[in-house]
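Structure first, then comments.
This is a predicted model, so every value here is computed, not measured. Lettering of chains follows the sequences in order, A, B, ..., and the numbering in each one begins at 1.
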Number of protein chains: 2
Amino acid sequence: MDTPAQSKLLQFFKALAHESRLKLLGLVAQREHSVQELAALVGLKEPTVSHHLTMLKKLGLVSQRQDANTHWYALEPEAIANLAKQVLSREQIAGLASEADPADWQAKVLETFIAADGALKSIPASRKKRWAVLAWLVRQFEDGRRYTEAEINTRLLERHWDSATLRREFIGYKMMAREAGVYWRLPEADWVSEAATPAG
Amino acid sequence: MDTPAQSKLLQFFKALAHESRLKLLGLVAQREHSVQELAALVGLKEPTVSHHLTMLKKLGLVSQRQDANTHWYALEPEAIANLAKQVLSREQIAGLASEADPADWQAKVLETFIAADGALKSIPASRKKRWAVLAWLVRQFEDGRRYTEAEINTRLLERHWDSATLRREFIGYKMMAREAGVYWRLPEADWVSEAATPAG
DNA sequence: CGTCTAATTAGATACCCATCGAATGAGGTT
DNA sequence: AACCTCATTCGATGGGTATCTAATTAGACG
């Protein structure tokens, strides 16, 4: 499920994240070099250097030409420039996180606190996790409809014994409103931002 | 003996070379996040996330502010831009190799083939290594002076039994010239390039 | 001053990957 | 065809580090 661009960027960084490969890049940036030369220059054995060069070549960071059975490697300068361009923009960086979005987070919290039969194992102590659970819970009440406290309790008791606390929290988190013993859901727009905004 | 700039660049790449940290960077690029949120969003435990954030902060890639005991992390955009600028230039890349230069390579070859007492253990089979050894050997003859074949042999036999091969190689590599049984060194400028130029 | 939450630190485990030696492949020369 | 040189592939080993749990620190609130 990786966006290709993402894993590509990751691969770039992985390729550049080792001293040996950085040195190799440095050497081939100066001029063409054979595997043997490079091995001697960086103090590694040829198989190791060959391995690194293969990786760099796959990513298009170096080019290779063959003369007899000697392979000459050189830097592919544009690739580096392109990479740098990508890294430059903040939007690109922000895009890296697309895999991990709030929905995932909430799913994870729910998975932790909701049993397979739908029962709420416990009320999360942490404010944010509690919010996630309550958000899930409150969505099981119809929007626009009015509920008596008894109706609320009945529904809640299917999930957890402490219906009183849950009811109170609904009000506290502004997910529900109460008037004269009657409850109703408030529009999500009023409380969904809670999860996102840090200093609310 | 690291140039600080180099290891710094390496650290940057290492920091960006892991999926978790890239995701974290992506998230804090969108807006401020607490450790708890980030942990949930990337599916890791808080200590792990904390560890990564500490690293990113040390490198100046993220900023941190504290509100109560919640730590809010955000992207430090200029750091990324600076990094990208560095990566952009070919000269920078070439500079990465400054630790490993031809002198090192030759030293390494010599270390392998020359015994502690100065004897040549064996004549390298590889052309480039043979060149390196011969270059070292020929420098033990005075420049500009003329040698008889007997003189040459005497010197060479101190290093290796096969003086005939070595003599012949000197000629072949154009490190020495011979005329009417008399030998003399040729200017290094005529043969040092041999090691550097690929297709010579 | 005890308790609760958030975050960090410490210590242990497990996995990834850089490196190496040995074997194999590819190209050239005699 | 036998041999030599350079490079790559293969399989195994070790080191680095990402991740976890448990313990500690720091801050807020009653």
For atom [atom1] of [X] and atom [atom2] of [N], their distance in whole Å:
X       : N      : atom1 : atom2 : answer
A:Asn69 : D:dC4  : CG    : C1'   : 9 Å
A:Met55 : D:dT9  : CE    : P     : 12 Å
B:Glu46 : D:dC20 : CD    : P     : 11 Å
A:Lys57 : D:dA7  : NZ    : C1'   : 11 Å
A:Gln11 : C:dC17 : CD    : C1'   : 14 Å
B:His52 : C:dT9  : NE2   : C1'   : 15 Å
A:His18 : D:dG16 : NE2   : P     : 12 Å
B:His71 : D:dT25 : NE2   : C1'   : 10 Å

- So what is the end-to-end bend of the helix from C:dC1-D:dG30 to C:dT30-D:dA1, with 5 pairs used at each end and the value given to 10 degrees? 20°

Checking [X] side chain against [Y] main chain: does a donor-acceptor pair fall under 3.5 Å?
X        : Y        : value
B:Thr54  : B:Ser50  : yes
A:Thr154 : A:Ala150 : yes
A:His160 : A:Asp162 : yes

Is any side-chain nitrogen or oxygen of [X] closer than 4.0 Å to OP1 or OP2 of [N]?
X       : N      : answer
B:Ser20 : D:dT19 : yes
B:Tyr73 : C:dT8  : yes
A:Thr48 : C:dT19 : no
B:Gln64 : C:dA6  : no

- Task: Sort out for me which residue in A:Leu25, A:Leu24, A:Leu27, A:Leu56 forms a side-chain contact (heavy atoms from CB on, under 4.5 Å) with A:Leu75.
- Result: A:Leu25

- Task: Find which nucleotide of DNA chain C each of B:Val49 and A:Arg21 is nearest to by heavy atoms, and output the residue with the more 5' nucleotide.
- Result: B:Val49

- Message: Let me spell it out: for each of A:Lys45 and A:Ala68, pick the nucleotide of DNA chain C with the closest heavy atom. Which residue's pick is nearer the 5' end?
- Response: A:Lys45

- Item | Sole candidate of A:Arg21, A:Lys23, A:Lys57 that passes side-chain hydrogen bond (donor to acceptor under 3.5 Å, both in side chains) when paired with A:His52 | A:Arg21

- Listed nucleotide nearest any side-chain atom of B:Gln66, set C:dA10, C:dA7, D:dG27: D:dG27

- Query: Hey, is CZ on A:Arg167 packed in by over 12 heavy atoms from elsewhere, all under 6.0 Å?
  - Reply: yes

- Item | hydrophobic_cluster_shared for B:Ile171 and B:Leu120, side chain cutoff 4.5 Å | yes

- In one Ile/Leu/Val/Met/Phe/Trp/Tyr side-chain cluster, 4.5 Å: B:Leu53, B:Met55: no

- Task: Please figure out whether B:Lys14 or B:Arg130 has its closest DNA chain D nucleotide nearer the 5' end.
- Result: B:Arg130

- Is B:His51 touching bases, backbone alone, or none of the nucleic acid, heavy atoms closer than 4.0 Å? base

- Using a cut-off of 4.0 Å on non-hydrogen atoms, how would the nucleic acid contact of B:Thr70 be classed: base, sugar-phosphate, or nothing? sugar-phosphate

